Amino acid sequence: DKLGLGRPAVPEEIEAWDVVVLPDGRGLPEGSGDVSTGEEVFAEKCAMCHGDFAEGIDNWPVLAGGQGTLTDRRPVKTIGSYWPYLSTVWDYIHRSMPFGAAQTVTPDETYAITAFLLYSNGLVDEDFVLSKENFTEIHLPNENGFYPDDRAEVEYPKFRVEPCMTDCKGEVKITKRAADLKVTPTDPDGRPAGTIPDWFEVAQNDTAPEAPADEAQAEPAAEAEATAMAAPDPALVAAGEKVFRKCKACHKVGEGAKNGTGPVLNGVVGRPAAAVDGFKYSNAMKAAAEDGLVWTPENLHEYLAAPKKFIKGTKMSFAGLKKPEDIDAVIAYLSTFGG
Amino acid sequence: VPDPLITQVQPWASEFGDPVDATPYGMPIRFESHVVRRNVPWLTESPISSINFTPIHALEGTITPQGCAFERHHSGAIELSKSDYRLMVNGLVDTPLVFTYEDLTRFPRHVQTFFCECAANGGMEWGGAQLQGAQFTHGMIHNMEYTGVLLRDILNEAGIKPEGKWVYVEGADASSNGRSIPLEKAMDDVMVAFFANGEALRKEHGYPVRLVVPGWEGNMWVKWLRRIAVYDRAVESREETSKYTDLMPDGRARKWTWVMDAKSVITSPSPQAPIRHGKGPLVITGLAWSGHGKIARVDVSLDGGRTWTEAQLSGDIKPKALTRFHLNIDWDGREMLLQSRAMDETGYVQPTKDQLREIRGLNSVYHNNGIQTWWVREDGEVENVEVS
């Protein structure tokens with residue numbers, strides 16, 4: 001008894017959305033890629049988070065190494081040490097990577113990156129070429145390292161017992177205190193963040209937010225009007241905030257912002273290049289700074305349109321913003337954050 | 001001394017309050033501003049692929065308001081309108097189909113309450129007590145009343161071929177999170193939901209449409225659901241191989257550990273909810289849940305597990321949903337080592353952390369449902385500890 005809801009999916013739609021690849025190679029498109037091409041593409045699209053050698057920068061995932069560490073206290077779970085199937089690697093790169101620019105890696109590039117990752121893990125030689133044809137011949141070392149959930153056999157019989165209610169154990173001692181580690185976010189008073197306040201203490205310091213009086217309102221309004229002449233168009237700034245989502249994974253901005261994969265961007269508009277303390281710039285960026293590069297809106301515009309063209313060798317692997325209006329917007333947005 | 005709050009006429013007893021429409025879609029009163037989701041910044045490299053925690057220490061009852069229910073995104077919470085929404089069903093089906101949002105609303109509707117718990121809830125505590133507060137140790141959980149349709153009704157519309165044994169569900173966001181679900185579960189109680197707690201899903205919970213997989217780990221509750229594909233095997237996607245598998249002491253890993261076993265935690269008192277009223281009557285309250293069905297009983301210990309008292313289960317007890325428990329005591333002002341222990345209708349008793357470690361070691365990351373201990377000091381302050 002069908003309701004007759006929905007409509008048949010047409011082949012082009014299924015082809016567009018059904019791109020999953022299974023361990024037996026089903027779903028792989030035609031194509032191929034070699035290790036050295038993979039290394040180049042990886043350096044361009046992946047290395048800003050995963051490192052040039054897939055070693056992982058900061059807390060971003062490590063993709064290579066770690067074999068033989070799965071019984072260590074700190075196991076290193078990589079493609080070579082942990083992942084069971086190469087199809088998963090190919091599928092994830094092709095469908096979900098790079099972070100912030102998913103579905104921009106072509107099938108040939110995906111074969112090449114996958115080949116490079118096999119090489120980084122010591123699983124193939126440097127002249128290896130991965131293709132649809134030889135794909136299923138490759139087996140990852142930990143393919144047989146997984147087994148289906150066996151809690152029902154191993155654990156449940158142990159735990160499905162009548163629980164003890166009295167005299168269940170001897171003297172009880174504290175063996176570990178979280179307080180010793182000091183890794184919990186805290187409120188300004190040093191208590192764990194979000195601690196329910198003492199109502200009486202709160203009441204004593206409480207002042208209700210007053211409705212602004214008429215005269216008080218008039219003054220800042222006049223001031224705002226005066227500064228509005230120089231300030232960027234709020235609509236453009238708002239549009240820029242949206243565009244900035246593409247940058248957010250690597251760049252922080254605003255109060256308390258710190259360097260991440262990219263440098264903090266407070267005060268970037270109008271500032272000399274490579275000027276943020278504590279950030280490791282590429283040699284290319286440092287050289288540009290020595291030549292006197294300043295991030296004027298014009299220079300930023302050119303850089304954001306095609307980063308690698310403007311500074312050959314920049315670490316910023318972002319492909320660039322296609323629309324000039326998006327670039328204007330993001331510059332307007334960034335200009336609202338002082339140094 | 002007479003209390004001036006009583007003897008003097010207070011402004012709120014004399015003057016006007018807010019008119020209607022002061023907040024057309026209301027927010028909590030400002031005195032509750034501490035009751036918000038919080039994250040632990042060092043856990044992840046980017047807030048775009050991260051998690052935060054429900055303030056369970058400050059909530060009561062069982063329903064989690066959407067506005068403070070924990071979020072987990074793999075590539076940020078996307079803005080997807082109902083008009084742009086499409087759901088495809090393909091793979092081993094008689095007729096691959098495409099549905100609009102409106103199409104989905106025309107299937108028979110179902111309303112049910114379920115908990116959604118991240119498999120990593122408590123994951124930071126495998127090596128020992130680490131985070132100070134129930135929000136941080138147990139807050140990757142929420143409990144909502146969903147309105148939606150049954151996945152089986154949608155699958156039946158496409159017609160499953162006999163060789164179809166698994167469904168693969170996939171999201172529309174850039175992470176394209178996808179998980180394989182065995183067909184028996186898909187045809188049992190899995191919902192395709194569009195309302196939670198009576199209102200449309202929030203953006204951060206998958207607006208306009210998410211999957212609800214009762215009793216199973218949160219990663220499978222795919223948000224912004226865009227595709228359901230029927231296969232003869234599991235896809236073995238990144239999220240079900242390199243992540244959400246449980247590394248065991250012998251270096252091998254359990255996979256397909258979908259069910260969330262019985263678990264409980266005392267939400268108050270707890271490190272973020274200290275006792276400020278001194279000795280005398282004290283209400284101990286907490287939450288219990290099981291992915292296998294209903295909670296049958298919750299015991300509470302005040303002495304680190306030497307003796308136990310059965311707590312009261314308050315309100316309706318629903319399968320695969322949060323259950324609230326209370327225990328009223330007369331606190332003598334002495335130190336306590338508070339623990340709670342859930343039992344579900346299958347007879348499974350929540351184990352201690354050490355019992356779990358004996359089997360699973362310290363590297364399994366996920367599915368830590370061990371008993372939590374709170375050390376209540378004489379001054380009413382509370383710490384996260386482990387005991388012998």
Side-chain angles (χ1 to χ4, degrees), chain A residues 2-3 5-9 13-14 17-18 20 22-23 58-60 70-71 73 75 77 82-85 88 91-92 95-96 102 145-150 154-156 159-161 163 165-166 168-169 172-179 181 183-185 192-198 248-249, chain B residues 34 38 40 45-46 48 55 58 88 90 95-99 103 106 128-133 135-136 157 174-176 227 229 235-238 241-242 245 247 251-257 271-273 276 303-308 337 347-349 351 359 363 375 383-388:
Chain A
K2 297 188 178 182
L3 296 170
L5 291 169
R7 60 158 176 88
E13 292 172 334
I14 296 174
W17 271 12
D18 186 351
V20 122
L22 279 74
D58 301 327
N59 275 337
W60 297 107
L70 295 184
T71 54
R73 177 61 192 101
K77 296 196 261 183
Y82 193 66
W83 292 39
Y85 303 110
T88 313
D91 179 36
Y92 191 68
R95 193 149 56 94
S96 309
F146 294 81
Y147 57 97
D149 188 2
D150 63 351
V154 174
E155 298 188 4
Y156 297 166
F159 300 150
R160 279 184 187 146
V161 291
M165 296 301 281
T166 53
C168 301
K169 51 179 165 175
V172 178
K173 278 192 187 141
I174 290 171
T175 54
K176 284 207 170 85
R177 290 174 62 188
L181 300 177
V183 293
T184 307
T195 296
I196 296 174
D198 181 328
K248 259 182 171 169
Chain B
H34 55 285
R38 289 171 195 277
V40 176
E45 190 56 44
S46 161
I48 304 289
M88 182 186 289
N90 77 313
T95 319
L97 293 173
V98 171
F99 299 96
D103 292 335
R106 298 169 72 189
Q130 178 153 247
L131 291 165
Q132 286 278 54
Q135 178 169 19
F136 302 113
E157 204 65 14
S175 82
S176 182
R227 195 170 74 92
V235 165
E236 305 281 3
S237 72
R238 186 246 194 187
T241 53
S242 81
T245 48
L247 186 55
R252 297 190 308 145
R254 283 178 177 160
K255 65 175 182 177
W256 303 345
T257 47
Q272 299 156 292
R276 301 194 199 271
D303 57 9
R306 293 180 76 179
T307 54
W308 296 85
L337 290 165
Y348 177 99
V349 181
I359 299 169
N363 287 339
W375 176 31
E383 279 190 30
N384 175 13
V385 297
E386 284 200 17
V387 293
S388 55

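Throughout, protein chains are lettered first and strands after them, A, B, ... in sequence-line order, and every chain is numbered starting at 1. Because the structure is predicted, anything quoted here is derived from the model rather than measured.
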Any S96(A) side-chain heavy atom under 4.5 Å of R238(B) side chain:
no
Max heavy-atom pairs within cutoff under 4.5 Å with chain A, candidates V98(B), T307(B), T245(B), goes to V98(B)
Nearest heavy atoms of D18(A) and R227(B), plus distance in Å
CG-NH1, 3.2 Å
Is it the backbone or the side chain of W83(A) that comes under 4.5 Å from a heavy atom of chain B, or both, or neither?
side chain
Salt bridge check: are D150(A) and R254(B) linked by an N-O gap of less than 4.0 Å?
yes
Between A229(B) and chain A, with a heavy-atom cut-off of 4.5 Å, which part of the residue counts as in contact: side chain, backbone, both or neither?
neither
Does any backbone or side-chain atom of Y82(A) lie under 4.5 Å from a heavy atom of chain B? Answer side chain, backbone, both or neither.
side chain
Is chain B contacted by the side chain of K77(A), its backbone, both, or neither, given a heavy-atom distance below 4.5 Å?
side chain
Side chain / backbone / both / neither for Y348(B) at chain A, heavy atoms under 4.5 Å:
both
So, taking the atom named CG in D91(A) and the one named OG in S176(B), what distance separates them when rounded to the nearest 0.5 Å?
7.5 Å
With a 4.5 Å heavy-atom cut-off, do W308(B) and P163(A) have their side chains touching?
no
For K169(A) and V387(B), run side-chain contact (heavy atoms from CB on, under 4.5 Å): C-alpha distance rounded to whole Å, both residues' side-chain angles, the deciding distance at 0.1 Å, then the answer.
CA-CA 11 Å; K169(A) 51 179 165 175; V387(B) 293; 4.1 Å; yes
N363(B): side-chain contact (heavy atoms from CB on, under 4.5 Å) partners, not counting sequence neighbours:
R73(A), P75(A), L247(B)
Between N384(B), D103(B), I48(B), V349(B), which shows the greatest number of heavy-atom pairs under 4.5 Å with chain A?
V349(B)
Tell me, out of T95(B), V40(B), V235(B), who's got the most heavy-atom pairs with chain A below 4.5 Å.
V235(B)
Separation between CG (L70(A)) and CZ (R252(B)), nearest 0.5 Å, reads 12.0 Å
What's the shortest heavy-atom distance between V172(A) and D303(B), and which atoms?
CG2-O, 3.6 Å
Would L3(A) and R106(B) count as a side-chain contact (heavy atoms from CB on, under 4.5 Å) if you check the C-alpha gap in whole Å, the side-chain angles of each, and the deciding distance to 0.1 Å?
CA-CA 9 Å; L3(A) 296 170; R106(B) 298 169 72 189; over 6 Å; no
State, yes or no, whether a side-chain contact exists between E383(B) and I174(A) at a heavy-atom distance under 4.5 Å.
no
Point-to-point distance, once rounded to the nearest 0.5 Å, from NZ of K176(A) to OG of S388(B):
12.0 Å
Indicate the atoms forming the closest heavy-atom contact of L5(A) with L97(B), along with that distance.
O-CD1, 4.2 Å
Mind ranking V154(A), T88(A), V161(A) by heavy-atom pairs under 4.5 Å with chain B and telling me who comes out on top?
T88(A)
Less than 4.5 Å to any heavy atom of chain A: does that hold for the side chain of L131(B), its backbone, both, or neither?
both
Measure distances from R276(B) to the heavy atoms of chain A and classify the residue's part below 4.5 Å as side chain, backbone, both or neither.
side chain
What pair of heavy atoms forms the shortest contact from P271(B) to T195(A), and how long is it?
O-OG1, 4.2 Å
For the backbone of G251(B) and the side chain of T71(A), can you confirm whether one donor and one acceptor N or O come within less than 3.5 Å of each other?
no
At a 4.5 Å cut-off on heavy atoms, which part of S175(B) comes close to chain A: side chain, backbone, both, or neither?
backbone
For Q132(B) and P192(A), the nearest pair of non-hydrogen atoms, with its separation, is O-CB, 3.3 Å
State whether the side chain of E45(B) and the backbone N or O of N59(A) hold a donor-acceptor pair below 3.5 Å, judged by distance alone.
yes
Got a sec, which residues hit salt bridge (Lys or Arg N to Asp or Glu O under 4.0 Å) with R160(A), two or more places apart in sequence or on another chain?
none
Go through the atoms of L181(A) and report whether side chain, backbone, both or neither lie under 4.5 Å from a heavy atom of chain B.
side chain
Taking atom types as modelled and ignoring hydrogens, do the side chains of Y92(A) and S242(B) form a donor-acceptor contact shorter than 3.5 angstrom?
no
CD1/I196(A) to CD/Q272(B) distance, rounded to the nearest 0.5 angstrom?
8.0 Å
Shortest non-hydrogen pair, W256(B) vs D149(A), comes out as O-CB, 3.3 Å
Under 4.5 Å from a heavy atom of chain A, the part of E236(B) involved:
both
Pick one of side chain, backbone, both or neither for Y85(A), based on which atoms fall under 4.5 Å of a heavy atom in chain B.
side chain
